[in-house]
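The next block holds one structure in the form of structure tokens; read it before the comments.
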Amino acid sequence: SLLSDTITMVFGQRKSMNGAVPLCVAGACVVLLMALVSSTASNRPQSTYLAATVTPRASMRPGFISSPSSACAPRNVRANAEMRRMGRKSFLLATGGVTASSIFQQQLFQSRAERDVYTGTTPVDKLVPGQKSAQRTDLYIVLKAKIGEFVKSPYTSVMQLVLLDALKRDKSSKTGGLDGSIQYELDDLKLPELKQTVKELNAAKDAVNKEWQSEDKLTFVDVLVFSGYLKTAQEFNRALVQRSTNGGGQTIASGFGNPFPVPPLGRADASKNAGKKIESTSVADLANTLKSLGFATRDIAALSICFPGSEDLANVEAALSDYDPKVAGAIKSAQQSRRTVTQNSYQVNVGEAYNKLVTFGQPAVNPLAYYYPAPKFDISKVKL
């Protein structure tokens with residue numbers, strides 16, 4: 001009855017469908033037909049051919065059951081034939097059902113896309129977690145592409161800018177810190193070689209803002225922080241790939257890669273030099289500043305790649321070892337880890353220390369930054 005009503009409804013509306021039945025409706029009918037036939041077949045009583053039999057004569061003799069080769073043989077042959085026939089039938093029903101269902105779903109989603117099923121937009125503060133996650137993932141993809149295209153400086157140069165910008169934080173007045181103002185202080189710090197990195201980061205920022213559709217424009221400091229994360233993570237991956245010369249390095253990197261937390265975004269840029277002025281970029285002075293901000297010896301050792309001159313990492317680590325014996329012990333452990341195949345403890349420590357550097361005691365981030373209103377889906381407009 002249900003199948004009959006469905007077919008009547010479909011063919012009764014042919015005139016309003018330009019004389020053709022949509023494939024999605026036809027697919028739905030086929031699925032329904034398959035389900036009804038399959039249900040009928042599955043509700044049949046179990047075949048009597050599948051039941052084992054005992055002859056009357058044999059039942060009168062305790063402990064004796066007629067063997068399949070004697071009394072049950074003809075019935076077993078028929079039972080096997082019945083099972084094969086039902087198996088073929090079930091296979092054909094399942095195949096037809098899956099095919100029809102695929103056609104139905106394809107046409108359903110195509111018809112939804114062709115109709116206007118959206119009414120207005122969902123504001124940023126009302127976005128559900130799934131919408132936020134999708135938008136953030138898309139933003140990461142754009143950032144990765146533009147940073148790869150424009151930022152050609154080594155990862156150490158980017159990390160140096162991140163460290164110096166973070167160390168401008170004044171704990172007492174709660175000013176400065178990661179706000180991008182380090183780009184205005186490079187001449188005073190006698191670090192002109194980092195100007196090229198700043199230029200590349202600004203080019204990447206402009207390229208992202210041309211493509212990203214949120215009202216909030218990405219800030220220089222967010223591109224800086226994300227670039228530090230991205231380029232260091234890529235460098236660590238390359239280090240693992242290079243552990244093998246016979247092609248096994250990629251397997252090591254994909255199977256034993258170490259976690260590197262993605263930094264949060266949503267920081268504001270300073271329009272001029274802000275926060276505490278960095279008086280010296282010597283290893284000892286920067287390490288003292290890190291200590292005053294609450295960083296442990298292991299953190300300081302891990303952040304050695306962020307110190308000015310870290311292109312020669314061995315030289316920076318030697319200076320840090322002379323600065324504090326405890327830091328020297330952490331650096332020795334890091335050097336031992338770098339000689340292993342997976343560099344596990346070294347890379348994990350760097351990732352954790354970097355995440356702490358860009359979050360601990362730094363200016364708060366705007367959790368809604370860079371999202372944009374999403375089209376609001378109106379279920380009442382969907383017609384199947």
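The basis for the numbers below is simple: all heavy atoms, side chains too, and nothing from hydrogens, waters or symmetry mates. Quick note: residue numbers are just sequence positions, from 1.
The backbone N or O of Tyr346 sits less than 3.5 Å from a side-chain atom of Ser337, completing a donor-acceptor pair. With hydrogens and angles disregarded, no donor-acceptor distance shorter than 3.5 Å links the side chain of Asp322 to the backbone of Ala319. In this structure, the side chain of Asn209 engages the main chain of Lys205 through a donor-acceptor pair within 3.5 Å.
Taking a cutoff of 4.0 Å between a charged side-chain nitrogen and a carboxylate oxygen, Arg338 and Glu317 qualify as a salt bridge. With respect to Asp179 and Arg267, no salt bridge is recorded, no charged nitrogen being found less than 4.0 Å from a carboxylate O. Ionic pairing of Asp206 and Lys146 is not present here: no N-O contact between side-chain nitrogen and carboxylate oxygen is shorter than 4.0 angstrom.
Considering all non-hydrogen atoms of both residues, Thr219 and Ala268 come closest at CG2-CA, 4.2 Å. Taking all atoms of both residues into account, the shortest heavy-atom contact from Asp269 to Val221 is OD1-N, 3.0 Å.
Atom CG of Leu167 is separated from atom CG of Leu293 by 6.5 Å, given to the nearest 0.5 angstrom. Going from atom OG1 of Thr156 over to atom CG of Leu194 covers 9.0 Å, rounded to the nearest 0.5 Å. Between atom CG of residue Leu186 and atom CD of residue Gln160 there is a gap of 10.5 Å, rounded to the nearest 0.5 Å. Here the straight-line distance linking atom NZ of Lys195 with atom OG of Ser153 works out to 14.0 Å at 0.5 Å rounding. To the nearest 0.5 Å, atoms OG (Ser304) and CE (Met159) are separated by 9.5 Å. Considering CG of Leu191 and CD of Glu193, their distance stands at 5.0 Å, rounded to 0.5 Å.
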Before giving the answer on side chain to side chain donor-acceptor pair (under 3.5 Å), spell out for Asp216 and Ser214 the whole-Å C-alpha distance, their side-chain angles and the decisive distance to 0.1 Å. CA-CA 5 Å; Asp216 301 325; Ser214 70; 5.4 Å; no

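Looking at Glu279 and Asp285, their side chains never come closer than 4.5 Å, going by heavy atoms from C-beta outward. For the pair Leu320 and Phe307, the minimum side-chain heavy-atom distance is below 4.5 Å. Taking 4.5 Å as the limit, some side-chain heavy atom of Arg169 sits within range of a side-chain heavy atom of Lys174. Looking only at side-chain heavy atoms (C-beta outward), Leu189 and Ile182 come within less than 4.5 Å of each other.
For Tyr229 and Tyr354, the distance between ring centers is not under 6.0 angstrom.
Cation-pi geometry between Lys356 and Phe360 is met: under 6.0 angstrom from the ring centre, within 45 degrees of the axis. Tyr371 carries Arg136 over the face of its six-membered ring, with the cationic atom under 6.0 Å from the centre and within 45° of the normal.
Using modelled atom types, one finds a donor on one side chain and an acceptor on the other under 3.5 Å when comparing Gln196 with Glu200. With no hydrogens or angles considered, no side-chain donor-acceptor pair links Asn344 and Thr342 at under 3.5 Å.
Relative orientation of the Phe260 and Phe236 rings is tilted, given thresholds of 30° and 60° on the angle between their planes. Taking the six-membered ring for Trp and thresholds of 30 and 60 degrees, Tyr372 and Trp212 have ring planes more than 60 degrees apart, a perpendicular arrangement.
Within a 6.0 Å radius of NZ in Lys152, more than 12 heavy atoms belonging to other residues, nucleotides or ligands are found.
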